[in-house]
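First comes the structure, then the notes that go with it.
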Amino acid sequence: MRKTFITNHNIISSLGFTSEENFRKLASEISGIQEYKRNQGESYYSSKVDKEKIDSAFLEIGNIENYTTLEKMMLLSVTNILNESKLKITKKTGLIIATTKGNIDTLSPKSKFYSDKKRSYLPELGRQIQNYFGFKNEAIVLSNACVSGVLAVAVAQRFVKDGVYDEVIIVSGDLVSEFILSGFTSFQAISDLPCKPFSKNRAGITIGEAVASVLVTSKKNKYAIQILGAGSCNDANHISGPSRTGEGLVLSVQSALKEAEIENSDIDYISAHGTATNYNDEMEAVAFERLNMLEIPLNSLKGYFGHTLGTSGLLETIIGIKSLQNNTLISSKGFDELGVSKSINVIETLVSKELNVFLKTASGFGGCNTAVVFKKIID
Amino acid sequence: MLKKTHIQKYCSIKNNEISVNGDLVFSADTLEVKDFFKDVYQFLEIKYSKYFKMDLLSKLAFLSAEIILNEVNTKEKNTAIILSNNASSLETDRKYQNSINDKDNYFPSPAVFVYTLPNIGIGEISIRHQLKSENGFFVFEKYNANFHYNYEKSLLQNNKCESVLAGWVNIDKNSYEAFLYLVSEKGIIEHTEQNLKQLYNT
């Protein structure tokens, strides 16, 4: 079986249009979250990408009238990956699109694409991306709530490992829309202030938007990070609340570690999910205690980007990769006083430290959880 | 050493009919999707109160899973769930969007919003059968036998599970279609892309 690597990556967020730019902002503790007004007049916090900035970047590669905002962001991101990697798309190149809601904003009568009834279908989003670049295989659209982006890494790793594909491009994206904002508000899950993951005074989620892409391949280069193992297990407990025992997350991490053939103590850093809801953060703390991982430095990056839904797992994986390569742990923005029942080791300030292996976790509606282990290549 | 895997059982629900392993087991003359599902629920003699709050996509996923798993002991088996469709959760998405279109008639409901994710049906099946296993929801133009075969094979051969409940569950504008199957080491129909394609088309 083949080894699999991530060799190239890109982030498009409110903090910048490259992974490097995003990582530099995080290393300076700069958050992309700011205050916005909603249609009904009330204010909310979010991390959103400037639409004019997207259009001016997109003008270089296509007609801005022909694509939705999400498509433009995805096309820009994949273009960056293809330019950097100089990848030639063949029959053995796969494309995975990870998203919770895709072009859901086109269901609104206010959308420019409202009359195009096909546009809200996820296979149509897949077709737009596939055709623009000339991928030979139908896009695999993965829509599995908030684990979509990191589950896509697991799916790509499995396909490359088994030789189904030589390489897979993953692009993950979700937008802030009235659909999403009203939904989470109806759940009373939105924070009045920028979110504070794992903190005592946390008051819920801040919704954000971003697109992230990676190239998963069997051919390593000098920037490669190896994907050691992955697991994605269901809580089988509740459709909209996490299991109190963290069962699915524990099983996911155990599955990933077993495949990676490493011990808990080999992990230098955990990039947690940390949405800043009461139930989620507590569930993660319980799971990490059960896994004997309380000592391992951990952060949530939601204080920088907000919860970018399907994108979050992939976006945070890329920041984790940059952390490994720069031997730098990013502080968990918004954290003050520990607000979960187990003494997890939340990173409070930027730390320089030799790092080799990190664990990325995520959980979502439907009881889903995903864990993936990554390792720095040392030649 | 590669495991020999088979399509142990399969079923389809479409055109007001249910067939299991190719044999017609139920049909009804109802016109509305929700009425047909009600008939199926009664036919299967299920008693499960959570069923009634589900959206149509979850109901269809749930009912097909009942048919496949009713004689299978999933308690001892690590059974993964890999589902796909064309319309994701759009049927419920549209319903939810209608509840927020009008500022003066603005009633977003959390009970509707939670079903605006296609993988919720996987969650419902997982809860019902206590499957704490690998799962994923994928979206394609039509049933993609190549993807399903390769991903199911990967999970089984890499010991991520012992069996896979998989297939196609689609709801879109008063039309529905389910094709579900169980892949394991039992059974006689070999698990191949060609066989999946053929069973789906019959």
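Within every chain, numbering begins at 1; the chains are lettered A, B, ... in the order of the sequence lines, protein sequences first and strands thereafter. Values below: all heavy atoms of this structure, side chains included; hydrogens, waters and symmetry mates excluded. As the structure is a computational prediction, the values presented were derived from the model and not from experiment.
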If you count heavy-atom pairs within less than 4.5 Å of chain B, which of Ser240(A), Gly102(A), Ser108(A), Ser252(A) leads? Ser108(A)

Is it the case that atom NZ in Lys50(B) sees more than 12 heavy atoms from other parts of the structure closer than 6.0 Å? no

Looking at Lys160(B) and Glu259(A), is there a salt bridge between them, counting it only when a charged N and a carboxylate O are closer than 4.0 Å? yes

Contact winner vs chain B - Val155(A), Thr100(A), Ile104(A), Thr185(A), heavy-atom pairs under 4.5 Å: Val155(A)

Looking only at heavy atoms and a cut-off of under 4.5 Å, which of Asn86(B), Asn98(B), Leu155(B) has the most pairs with chain A? Asn86(B)

Does any backbone or side-chain atom of Asp235(A) lie under 4.5 Å from a heavy atom of chain B? Answer side chain, backbone, both or neither. backbone

Give a yes or no on whether a salt bridge exists between Glu32(B) and Lys38(B), defined as a side-chain N under 4.0 angstrom from a carboxylate O. no

Under a 4.5 Å heavy-atom cut-off, does chain A meet the side chain of Asn159(B), its backbone, both or neither? neither

Chain B contact via Ala152(A) - side chain, backbone, both or neither, heavy atoms under 4.5 Å: neither

Does CD belonging to Gln188(A) count more than 12 external heavy atoms closer than 6.0 Å? no

Tell me, yes or no, whether the heavy-atom count around Lys110(A) atom NZ, taken from other residues, nucleotides or ligands under 6.0 Å, exceeds 12. no

Checking Arg158(A) side chain against Tyr151(B) main chain: does a donor-acceptor pair fall under 3.5 Å? no

Please state whether the side chain, the backbone, both or neither of Thr116(B) comes within less than 4.5 Å of a heavy atom of chain A. both

Sort Asn158(B) into side chain, backbone, both or neither according to what part of it lies under 4.5 angstrom from a heavy atom of chain A. side chain

So what's closer than 4.5 Å to chain B heavy atoms on Val147(A): side chain, backbone, both or neither? neither

Under 4.5 Å from a heavy atom of chain B, the part of Lys101(A) involved: side chain

Do Arg119(A) and Glu71(A) meet the salt-bridge criterion of a basic N to acidic O distance under 4.0 Å? yes

Looking at Ser88(B), Gly123(B), Ser154(B), which one has more heavy-atom pairs under 4.5 Å with chain A than the rest? Ser154(B)

Quick one: which of Phe107(B), Tyr115(B), Tyr106(B) has the most heavy-atom pairs under 4.5 Å with chain A, could you say? Tyr106(B)

Residue Ile140(A) versus chain B: region with a heavy atom under 4.5 Å: both

Quick one: what part of Lys258(A) sits under 4.5 Å from any heavy atom of chain B, side chain, backbone, both or neither? neither

Okay, side chain of Glu209(A), backbone of Val176(A): is any donor-acceptor separation there less than 3.5 Å? yes

If you count heavy-atom pairs within less than 4.5 Å of chain B, which of Leu151(A), Ile96(A), Val164(A), Thr370(A) leads? Val164(A)

By a 4.5 Å heavy-atom criterion (distance strictly below it), what part of Glu178(A) contacts chain B: side chain, backbone, both, or neither? both

Short question: side chain of Asn195(B), backbone of His191(B) - any donor-acceptor pair under 3.5 Å? no

Donor-acceptor pair, side chain of His273(A) and main chain of Ser363(A), under 3.5 angstrom: yes

Under 4.5 Å from any heavy atom of chain B, what part of Leu251(A) do you find: side chain, backbone, both or neither? side chain

One option among Gly367(A), Gly366(A), Ser143(A) has the most heavy-atom pairs under 4.5 Å with chain B, and it is Ser143(A)

Check: Lys3(B) side chain, Ser184(B) main-chain N or O, donor-acceptor pair, under 3.5 Å: no

Between Phe184(A) and Phe113(B), ring centroids under 6.0 Å: yes

Tell me, for Phe159(A) versus chain B, whether the close heavy atoms (under 4.5 Å) come from the side chain, the backbone, both or neither. side chain

Most chain A-contacting option - heavy-atom pairs closer than 4.5 Å, from Asp93(B), Asn101(B), Ile120(B), Leu117(B): Asp93(B)

Quick one: which of Ile189(B), Val20(B), Leu196(B), Val183(B) gives a side chain to side chain contact (heavy atoms under 4.5 Å, CB included) with Tyr10(B)? Ile189(B)

Ala98(A) portion near chain B, given a 4.5 angstrom heavy-atom threshold: neither

